[in-house]
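Notes for the one structure printed next.
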There are 2 protein chains.
Amino acid sequence: MVKRTRRRAVRPTHDERTEQRILEAAHAVFVRRGTAGARMQEIAQEAAVNQALLHYYFRSKERLAEAVFRRAAGELLPRVIDVLGSDAALEEKVARVVELELDHLLRAPFLPGYLISELHHHPERVPQLISAITGLAPGDISSKVFVKLRAQIAGRVEARTMRAITPDQFVVNLLALCVFPFAARPMLMALLGIDREGFERFIERRRAELTPFFLKALRP
Amino acid sequence: MVKRTRRRAVRPTHDERTEQRILEAAHAVFVRRGTAGARMQEIAQEAAVNQALLHYYFRSKERLAEAVFRRAAGELLPRVIDVLGSDAALEEKVARVVELELDHLLRAPFLPGYLISELHHHPERVPQLISAITGLAPGDISSKVFVKLRAQIAGRVEARTMRAITPDQFVVNLLALCVFPFAARPMLMALLGIDREGFERFIERRRAELTPFFLKALRP
DNA sequence: GTCTATATGTTGATAGAC
DNA sequence: GTCTATCAACATATAGAC
């Protein structure tokens, strides 16, 4: 009888912990340097392994970059989509998205810059982004969230408590107000003359002001 | 008497037209690939000159990248700063910034993605950004615009026609709503299931809605 | 000023020992 | 699985002819 350890292991010769260490090191380096600027040597060093091991686990720089991108892409939007597609009231959704995004981005302030840069220079990543968010086709994501939002907005408009706005403009405005400060962080820090700490205070103030700002914008 | 053509020419052996052609080719390539991903060969090809000529005009890839960045950086903010620092009424300023930005970005939709990517991966460019906007120190830019805005907002608040907001949050919100859709363009196009043309229609709708949206957000 | 040809240095990737 | 040593392929930059 053939000796075997775990049945599920598609790649039985890969150490889960090492793979994870490499992935996290790669994440750090790719986020900091961009895919084109990243060096396999720097990743190996940051993971405290040899450069050859990177290829043993991920075959090529491109595949490693893709793995990192998928992981990062799956981190930003899914929870937002969940909230926006939920049954919560519209005002509640706005408040929760603001809270969710600012909380998360304060802990990963470089994520927007990395994702924007990556999608800008590697359009081939766009489908990977979609599949990282969900297994559905692009249209299906939209429909689920947008149909829901459209109905809720229509209800508010009919009740004269809100002006009309298309669901896509609604979502883009909300994301813009949350995400842009992080995407433009280096520029803003220079323009406002603040350091990392000052930036965090700036975001903390937004946390309280953004929801009222957004909701009042939609009053009739 | 020594023959000389133009007294002002610091680099008399440089053809102005060729330099400009190289600069524009470099702009195209750097914007499309990013500094790290750009290849001197591709730039030379796009400028229809030899690769050696690039070094003759700009000495190194790094210097060429810097020249391109400065040019691009000087294109986005200065006019916005002029408007925000002007004597126009607050509501007028918002409308003009929206108009200005959307108009410009529709013609250069990749600019935000490039600038964000560049500043993200090359923090050493931040001072270059500042000096590209104006020769002043960081603090001076802020003060000129922000002092003016602060006074105007205070006036509106006193007249009970506007809620209180700090000038920096005011500016960041305005920029976010204008610039973010372009920075996140590839993502949005996928998420909304639209093509280039659909994106332009999306922006055209924003042109009309953004100013009211923003101003109503600040009503008391 | 603009070209061809080439030097010089990196970088991703592989071979093979342990 | 993890390492050392090395290859082959660029990419930047320069030398030198025209």
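Sequence lines set the chain letters: A, B, ... in the order given, protein chains first and strands last, and positions in each chain run from 1. Bear in mind the structure is a predicted one, so any value in this text is a computation, not a measurement. Both backbone and side-chain heavy atoms feed into the values below; hydrogens, waters and symmetry mates do not.
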Inset, instruction - Return the value, rounded to whole Å, for the distance between atom CD of B/Glu42 and atom P of D/dC10. - result: 15 Å
Inset, instruction - May I ask you to evaluate whether B/Tyr56 reaches the phosphate of D/dA13, defined as a side-chain N or O under 4.0 Å from OP1 or OP2? - result: no
Legend entry - Residue pair B/Ser117 / A/His121, side-chain donor-acceptor N/O under 3.5 Å: yes
Inset, instruction - For B/Thr166 and B/Arg150, test the side chains for any donor-to-acceptor distance below 3.5 angstrom and give the result as yes or no. - result: no
Inset, instruction - Report which part of the nucleic acid B/Ala36 touches: base, sugar-phosphate, or nothing (heavy-atom distance under 4.0 Å, all strands). - result: nothing
Inset, instruction - Please state how far atom CG in A/Leu54 lies from atom C1' in C/dT11, giving the value in whole angstrom units. - result: 13 Å
Inset, instruction - Output yes when at least one side-chain N/O atom of B/Thr18 is less than 4.0 Å from OP1 or OP2 of C/dT2, else no. - result: yes
Legend entry - Residue-level proximity of residues 62-72 of chain B to DNA chain C when a heavy atom falls under 4.0 Å: none
Inset, instruction - Choose from D/dC3, D/dA13, C/dC3 the nucleotide whose nearest atom is closest to any side-chain atom of B/Ala52. - result: C/dC3
Legend entry - side-chain N/O B/His55 vs D/dA13 OP1/OP2, d < 4.0 Å: yes
Legend entry - Length of the line joining B/Arg33:CZ and D/dT12:P, which is rounded to integer Å: 13 Å
Inset, instruction - Test the A/Arg32-A/Phe110 pair against the cation-pi criterion, namely NZ or CZ under 6.0 angstrom from the six-membered ring centroid and within 45° of the ring axis. - result: no
Inset, instruction - Ignoring backbone atoms, establish whether A/Arg39 has a side-chain N or O less than 4.0 Å from OP1 or OP2 of C/dG12. - result: yes
Legend entry - Nucleotide nearest B/Leu53 (side chain, heavy atoms from C-beta), chosen from C/dT2, C/dA15, D/dT2: C/dT2
Legend entry - Charged tip of B/Arg125 within 45° of B/Phe69 ring normal and under 6.0 Å: yes
Inset, instruction - Round to a whole Å and report the spacing from OH of A/Tyr57 to C1' of C/dA13. - result: 18 Å
Legend entry - Residue met sooner reading DNA chain C from 5', once B/Asn50 and A/Gln41 are mapped to nucleotides: B/Asn50
Inset, instruction - Step through the shown structure and confirm whether more than 12 heavy atoms of other residues, nucleotides or ligands are within 6.0 Å of CZ on B/Arg205. - result: yes
Inset, instruction - Rounded to the nearest angstrom, tell me the gap between atom CD1 in A/Ile22 and atom P in C/dG12. - result: 15 Å
Legend entry - Spacing between A/Gln45 atom CD and D/dT4 atom P, to the nearest angstrom: 13 Å
Inset, instruction - For B/Ala44, answer base if it contacts any base atom (sugar-phosphate contacts may also be present), sugar-phosphate if it contacts only those atoms, and nothing otherwise; contact means non-hydrogen atoms under 4.0 Å. - result: nothing
Legend entry - Full working for salt bridge (charged side-chain N to carboxylate O under 4.0 Å, His left out) between B/Arg70 and B/Glu66: CA-CA 6 Å; B/Arg70 290 197 121 91; B/Glu66 186 179 322; 2.7 Å; yes
Inset, instruction - Calculate the interatomic distance between A/Gln51 atom CD and D/dC3 atom P; express it in whole Å. - result: 12 Å
Legend entry - Donor + acceptor pair across side chains of B/Arg96, B/Ser86 (<3.5 Å): no
Legend entry - Between P of C/dG12 and CZ of A/Phe58, the distance in whole Å: 16 Å
